[in-house]
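These numbers were taken from a predicted model, which means no experiment stands behind them.
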Amino acid sequence: MPLSDQDIDHLEAILFDEAWADETLDYFGLHGAVSASVVGPKKVTEEQLLDLTFADASDKLTADHKDHFLRCIAHIETELLQHLHEGTSIRLPHEDEEAFEQCLESWCAGFMEAFFINEKTWFQKDEEIAAELLLPYMALSGLFDHEEFAQIHSNDHLMSQFETIAPEQLTDIYLYYHAN
């Protein structure tokens with residue numbers, strides 16, 4: 001069961017506090033970061049997620065805010081693991097169909113930011129396969145502006161395919177790193 005609207009509203013009030021609002025991940029980015037932590041080869045610690053989300057200003061959080069933030073992370077992790085273990089479809093959060101691409105870009109950016117924390121570990125098993133699994137998230141994140149990504153970004157059909165497979169690919173990544 002996804003986070004309640006009330007929990008998301010409270011979380012976003014914390015994320016968009018004036019003390020760090022320009023530098024934090026939004027709810028979608030945080031969900032992406034938690035997703036990378038769950039499916040990737042090495043879990044991102046709570047402290048790393050706090051530092052990533054609040055741009056190293058997490059020490060300014062009140063105890064109540066930190067507690068709510070950590071409860072939301074645990075809830076997202078539990079929900080993702082439930083979907084992965086049951087083999088059910090994972091739905092990425094978005095506000096509405098009109099904002100889907102913007103929400104997905106934020107989600108993918110958060111996913112990639114969490115990836116960067118343990119980047120070496122992601123590539124230890126097989127760099128080529130890992131890169132192939134990560135390509136949709138890299139392309140959709142908007143974080144990469146290399147020439148090869150310009151070619152990918154200009155291919156509307158490919159970008160549309162990436163949007164479609166992004167949720168399903170989480171299962172593939174999880175199985176790649178966690179199945180025996």
Exercise for review: Before giving the answer on side-chain contact (heavy atoms from CB on, under 4.5 Å), spell out for T62 and D67 the whole-Å C-alpha distance, their side-chain angles and the decisive distance to 0.1 Å.
Suggested key: CA-CA 8 Å; T62 67; D67 183 55; over 6 Å; no
Return the [atom1] to [atom2] distance between [X] and [Y], rounded to the nearest 0.5 Å.
X: E132; Y: I173; atom1: CD; atom2: CD1; value: 11.0 Å
X: L11; Y: D26; atom1: CG; atom2: CG; value: 9.5 Å
X: D17; Y: H65; atom1: CG; atom2: NE2; value: 7.0 Å
X: H75; Y: L80; atom1: NE2; atom2: CG; value: 10.0 Å
X: L143; Y: E113; atom1: CG; atom2: CD; value: 5.5 Å
X: L61; Y: F69; atom1: CG; atom2: CZ; value: 7.5 Å

[X] atom [atom1], neighbour heavy-atom count above 12 within 6.0 Å:
X: E79; atom1: CD; answer: yes
X: E128; atom1: CD; answer: no
X: D5; atom1: CG; answer: no
X: E148; atom1: CD; answer: yes
X: Q102; atom1: CD; answer: no

Without swapping roles, check the side chain of [X] against the backbone of [Y] for a donor-acceptor pair under 3.5 Å.
X: T53; Y: L50; answer: no
X: Y177; Y: K125; answer: no
X: S106; Y: C103; answer: no
X: Q169; Y: L133; answer: yes
X: N118; Y: T121; answer: no

For a 4.5 angstrom cut-off between non-hydrogen side-chain atoms, does [X] reach [Y]?
X: C72; Y: H68; result: yes
X: L30; Y: T24; result: no
X: I76; Y: V38; result: no
X: D7; Y: S4; result: yes
X: V44; Y: L52; result: no
X: L175; Y: V39; result: no

Which heavy atom of [X] sits nearest to which heavy atom of [Y], and what is that distance?
X: Y27; Y: L3; result: CE1-CD1, 3.7 Å
X: F123; Y: A130; result: CD2-CB, 3.6 Å
X: A33; Y: A114; result: O-CB, 3.4 Å

Exercise for review: Examine the side chains of H83 and Y174 and answer whether a donor and an acceptor come within less than 3.5 Å of each other.
Suggested key: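 No.
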**Study point:** Donor-acceptor side-chain pairing of Q48 and T45 below 3.5 angstrom
**Key:**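 Their side chains do contain a donor-acceptor pair, which is all the 3.5 Å distance test asks for.
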Review point. What's the verdict on side-chain contact (heavy atoms from CB on, under 4.5 Å) for E101 and E105, showing C-alpha distance, side-chain angles and the deciding distance?
Key: CA-CA 6 Å; E101 286 185 20; E105 181 176 322; over 6 Å; no
Point to revise | Within residues 135-156 or reaching into it, pairs that qualify as ring pair (Phe, Tyr, Trp, His ring centres under 6.0 Å) - sequence neighbours excluded | key: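 Residue pairs passing ring pair (Phe, Tyr, Trp, His ring centres under 6.0 Å), neighbours aside: W107-Y137, F111-Y137, F144-F149.
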**Study point:** Partner set under salt bridge (charged side-chain N to carboxylate O under 4.0 Å, His left out) for E119, not counting sequence neighbours
**Key:**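 Scan of E119 (salt bridge (charged side-chain N to carboxylate O under 4.0 Å, His left out), adjacent residues dropped) gives none.
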**Study point:** Within 45° cone of F54 ring axis and under 6.0 Å: K60 NZ or CZ
**Key:**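 So K60 doesn't make the cation-pi contact.
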All N/O donor-acceptor pairs, side-chain side in residues 156-164, below 3.5 Å, sequence neighbours left out:
unit_1, atom_1, unit_2, atom_2, d
T164, OG1, S160, O, 3.0

Practice item. Evaluate the criterion salt bridge (charged side-chain N to carboxylate O under 4.0 Å, His left out) for residue pair K66 and E47; output intermediate values, then yes/no. Key: CA-CA 10 Å; K66 185 175 181 178; E47 285 302 315; 3.4 Å; yes
